[in-house]
Amino acid sequence: MNRKIRIKSIIILLAIISVCQYIWGQIPGEIEPFVTPFGEFNFERPQFPDNNANIVDFGAQEGGFYKNTGVINNTIKKLSASGGGTVIVPRGTWLTGPIVLLSNINLHLEEGAELLFSQDFPDYLPAVLTNWEGSEVYSYSPFIYSFKQENIAITGKGVLNGQGKPWWEQRTRGDAFIKSNTLLREMNESETPVSERQFGSLERFLPPVFFGPLYCKNVLLEEVTFKYGAFWTINPGFCENIIIRGIYVLTNGSYGDTPNGDGINPNSCQNVLIEYNTLDTGDDCITLKAGRNKDGRRIGMPCKNILIRHNTGLQGHGGIVIGSEMSGGVENIYAHDCRFNGTDRVIRIKTDRGRGGYVKNCWFKDISADTIEREAIRINMLYSGGNRLPEQEINEGTPVIENIHYENIQCSYSKRNVIQILGLPEMPVYNVSFNNLNLGGNFGIEINDAKNITFENLTVMNKTGSLASISYCDSISIHNLNITGTDPESIPVFLNDSRNIKLSHISHHLEGELVKIKGNAENIEIENSIPENKIIRESKKN
């Protein structure tokens, strides 16, 4: 590493530490009520008996060489059997295999404590029931696992270090990982009994998530640091009443880049609070999921009542993401006061034909971003690619996206579209509102196959192409649009095969034509802020 790269790395690290310290210092001690458009939520931490058990007193050895797996898990078992309490991991470095949390246990890492997770794959066997990218499977245990337990927590200012590099390297050896991933998806589609989905070997290799409780109630993660797992980091499945606050997730840094190193991924969970977290990931920062295809629809548990506030994303594929595994349904999402820098996207909803399920009733408010690598806001129903045509039959595999609302969103610059909506001709994206947005980007707004989309008080700058390109749409309203800059070689507003379009109060300082209407058009209403001589009509009515 040369001197310039070393200095740059140090500066980035110091910036990350400063941001984390600032955010952690601002966390209120009490959890404030969360008022949403769909009700008020009051979250309370799980309570634990006043009983402490220090792992040293049960035989744990510090230094990072002796595996303390049995000691830690036996301490948890004994304390849980006696009614519960706090298992203390003191200052020092402690090597362990997978940890199993039981009811009424708070695993507390004191400041200066670091749990190093074993890099030996057999330590994570026998296989346990887990959920891998939305499909049920028996595979390697998550680094921290819990099954059908209540009142569990991981707290303190210590570090959980996954040391995940051997898992990453195994993914690239031969084709076992790719074949295993494909096989599990085929088992999902063919509805293979879960008991027959036996993985957890080098031949059937799926890397485990870091924290993966299943069917648990009252779960708390607070203040701790998670870094460099094998795969996704925080992935509770089918859990209720979850609080994730003040944690730091690092999956992309000096140690390396965790493949699919997502930060916080609740799957089919209900009543989840995600606040005051710092996420520095190589993949999505916060992602909401609800099962893949037939498994998601069979289990039928939505991801519901997810509340997100005061989080910071430093890098990753997406700031707040929904999907693409959403077959059990995602609803009642409210996110506000978050900041994302350097992510690929700010807010992203993704699904595909065959997923089924729905995403509905989502509100995103007071969110800011900078240096976005792709689209600022994206809704995509063609996530796996392919063409919108031919239009397909509506069936249980047809996804639905509706009732999505964005308010007070700021993004100084995105390298692709400021907004992109890609629906399906058989199932358009429906009822989306944008209010008070200030966006800059290379490309402008692109909307295909959508219905009932409203823009109110929008300031946009784009460098390339049309500022707004609208195709195959019905009922689009743009009111109070301020064009601060656009490509002088392109017509700002392009309407293609769309109807029931209303443009009003368009503010600009542009020469030449402003609107081009092409293809089949019906009921295009353009207010007099755009004079007729600035409109090109190449359309015909059906």
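Quick caveat: nothing in here was measured; it's all calculated off a predicted structure. One-based numbering along the sequence shown.
- Tyr383 has its side chain out of reach of Thr351: every pair of non-hydrogen atoms, C-beta onward, lies at least 4.5 Å apart.
- Of the options Tyr124, Phe210, Phe211, a ring-ring contact (aromatic ring centres under 6.0 Å, His included) to Phe117 is made by Phe210 and by none of the others.
- Trp168 is listed as a side-chain neighbour of Pro259, based on a closest heavy-atom distance under 4.5 Å.
- No side-chain heavy atom of Thr258 sits under 4.5 Å from any side-chain heavy atom of Asn260.
- Note: His336 and Phe34 meet the aromatic proximity criterion, with ring centroids under 6.0 Å apart.
- At least one donor-acceptor pair closer than 3.5 Å links the side chain of Thr343 to the backbone N or O of Arg345.
- Between Phe238 and Ile299 the shortest side-chain heavy-atom distance falls below 4.5 Å.
- Residues Val460 and Ile483 fail the side-chain proximity criterion, which asks for heavy atoms closer than 4.5 Å.
- Rounding to the nearest 0.5 Å places CD1 of Ile367 at 11.5 Å from SG of Cys411.
- Of all the heavy atoms in Leu288 and Pro266, the pair that sits closest is CD2-CG, 3.7 Å.
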Task: Verdict with reasoning, Asp366 to Asn408, per side chain to side chain donor-acceptor pair (under 3.5 Å) - done: CA-CA 5 Å; Asp366 298 323; Asn408 298 337; 3.0 Å; yes
Open item on the list: Could you go through Asp449 and Arg388, starting from their C-alpha distance and side-chain angles, then the distance that decides it, and tell me whether this counts as salt bridge (charged side-chain N to carboxylate O under 4.0 Å, His left out)?
Closed with: CA-CA 9 Å; Asp449 295 303; Arg388 58 180 294 272; 2.7 Å; yes
TODO: Verify ring pair (Phe, Tyr, Trp, His ring centres under 6.0 Å) between Phe231 and Trp132, making sure each step is shown before the conclusion.
DONE: CA-CA 10 Å; Phe231 184 58; Trp132 203 87; 4.8 Å; yes
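- Interatomic distance, CG of Asn235 versus CG of Asn265, reported as 5.5 Å (0.5 Å rounding).
- Between the side chain of Thr251 and the main chain of Gly261, a donor-acceptor pair closer than 3.5 Å is present.
- Looking only at distances, no side-chain donor or acceptor of Ser466 sits under 3.5 Å from a matching main-chain atom of Ser469.
- In this structure, Arg416 forms no cation-pi arrangement with Phe443, as its terminal cationic atom is not both closer than 6.0 Å to the ring centre and no more than 45° off the ring axis.
- In this structure, the side chain of Ser327 does not engage the main chain of Gly296 through any donor-acceptor pair within 3.5 Å.
- A donor-acceptor contact closer than 3.5 angstrom is absent between the side chains of Tyr228 and Gln163.
- Donor-acceptor pairing under 3.5 Å is lacking for the side chains of Asp370 and Asn341.
- At least one side-chain heavy atom of Ile152 sits less than 4.5 Å from a side-chain heavy atom of Cys216.
- Of the possible donor and acceptor atoms, one in the side chain of Asn311 sits under 3.5 Å from a partner among the backbone N and O of Ile274.
- Judged by distance alone, the side chains of Arg185 and Asn181 do bring a donor and an acceptor atom under 3.5 Å apart.
- In terms of modelled atom types and a separation under 3.5 Å, the side chain of Thr398 and the main chain of Gly356 share no donor-acceptor contact.
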Open item on the list: Show, in sequence, the C-alpha distance, side-chain angles and deciding distance for Tyr145 and Leu101, and conclude whether the side chain to side chain contact (heavy atoms under 4.5 Å, CB included) test is met.
Closed with: CA-CA 6 Å; Tyr145 184 65; Leu101 287 182; over 6 Å; no
TODO: Could you please spell out the steps behind the side chain to side chain donor-acceptor pair (under 3.5 Å) verdict for Asn188 and Asn293?
DONE: CA-CA 7 Å; Asn188 182 328; Asn293 297 12; 5.8 Å; no
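- Proximity of the aromatic rings of Trp167 and Tyr140 is defined here by a centroid distance below 6.0 angstrom, and this criterion is met.
- To the nearest 0.5 Å, atom NE2 of residue His479 and atom CZ of residue Phe455 are 14.0 Å apart.
- The pair Glu402-Lys360 fails the salt-bridge criterion, with no side-chain N (NZ, NE, NH1 or NH2) lying under 4.0 Å from an Asp/Glu carboxylate O.
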TODO: Apply side chain to side chain contact (heavy atoms under 4.5 Å, CB included) to the pair Ile476 and Thr454, showing each step before the final yes or no.
DONE: CA-CA 6 Å; Ile476 311 292; Thr454 62; over 6 Å; no
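- Defined by atom type and a distance below 3.5 Å, a donor-acceptor pair is present between the side-chain atoms of Asp352 and Ser384.
- A donor-acceptor contact closer than 3.5 angstrom is absent between the side chains of Glu325 and Asn267.
- Taking the ring axis of Tyr138 as reference, the NZ or CZ atom of Arg197 does not stay both within 45° of it and closer than 6.0 Å to the ring centre.
- Listed for the Arg45 side chain is no donor-acceptor partner under 3.5 Å among the backbone atoms of Ala153.
- Asn442 contributes atom CG, which lies 10.0 Å from atom NZ of Lys415 (distance to the nearest 0.5 angstrom).
- The SG atom of Cys362 lies 5.0 Å from the CD1 atom of Ile349; values are rounded to the nearest 0.5 Å.
- Side chain of Asn277 to backbone of Ile244: a donor-acceptor contact under 3.5 angstrom is found.
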Task: Criterion salt bridge (charged side-chain N to carboxylate O under 4.0 Å, His left out) on Glu375 and Arg348, from CA distance to verdict - done: CA-CA 9 Å; Glu375 302 84 7; Arg348 182 186 189 189; over 6 Å; no
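- Residues Glu456 and Asn480 have side chains in contact (heavy-atom distance under 4.5 Å, counting atoms from C-beta outward).
- Asn161 and Glu114 are linked by a side-chain donor-acceptor pair at a separation below 3.5 angstrom, with hydrogens and angles left out of the test.
- Side-chain N or O atoms of Glu446 include none that pairs as donor or acceptor with a backbone N or O of Gln420 at under 3.5 Å.
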Open item on the list: Run Gln315 and Asp280 through side chain to side chain donor-acceptor pair (under 3.5 Å) and show every step you take.
Closed with: CA-CA 5 Å; Gln315 61 177 326; Asp280 191 358; 2.8 Å; yes
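- Under the 6.0 Å distance and 45° angle rule, Lys165 counts as a cation-pi partner of Tyr255.
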Task: Arg298 vs Val194, side chain to side chain contact (heavy atoms under 4.5 Å, CB included): CA-CA, chis, key distance, verdict - done: CA-CA 12 Å; Arg298 170 177 56 82; Val194 177; 4.0 Å; yes
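- Of all heavy-atom pairs spanning Ile394 and Glu426, the tightest one is CD1-O, 3.2 Å.
- Remark: the Arg339 side chain and the Ser368 side chain contain an N/O donor-acceptor pair separated by less than 3.5 Å.
- A salt bridge links Asp284 with Lys350: the distance from a Lys NZ or Arg NE/NH1/NH2 to an Asp or Glu carboxylate oxygen falls below 4.0 Å.
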Open item on the list: Evaluate Thr486 against Asn462 for side chain to side chain donor-acceptor pair (under 3.5 Å), listing each step before the verdict.
Closed with: CA-CA 5 Å; Thr486 188; Asn462 77 295; 2.7 Å; yes
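- Rounding to the nearest 0.5 Å gives a distance of 9.0 Å between SG of Cys285 and CD1 of Ile320.
- Between Arg245 and the choices Glu275, Glu223, Glu32, the salt bridge (charged side-chain N to carboxylate O under 4.0 Å, His left out) rule is met once, by Glu275.
- Between the side chain of Asn417 and the main chain of Ile445, no donor-acceptor pair closer than 3.5 Å is present.
- In this structure, Thr459 and Leu437 have side chains that are not in contact, with every pair of non-hydrogen atoms separated by 4.5 Å or more.
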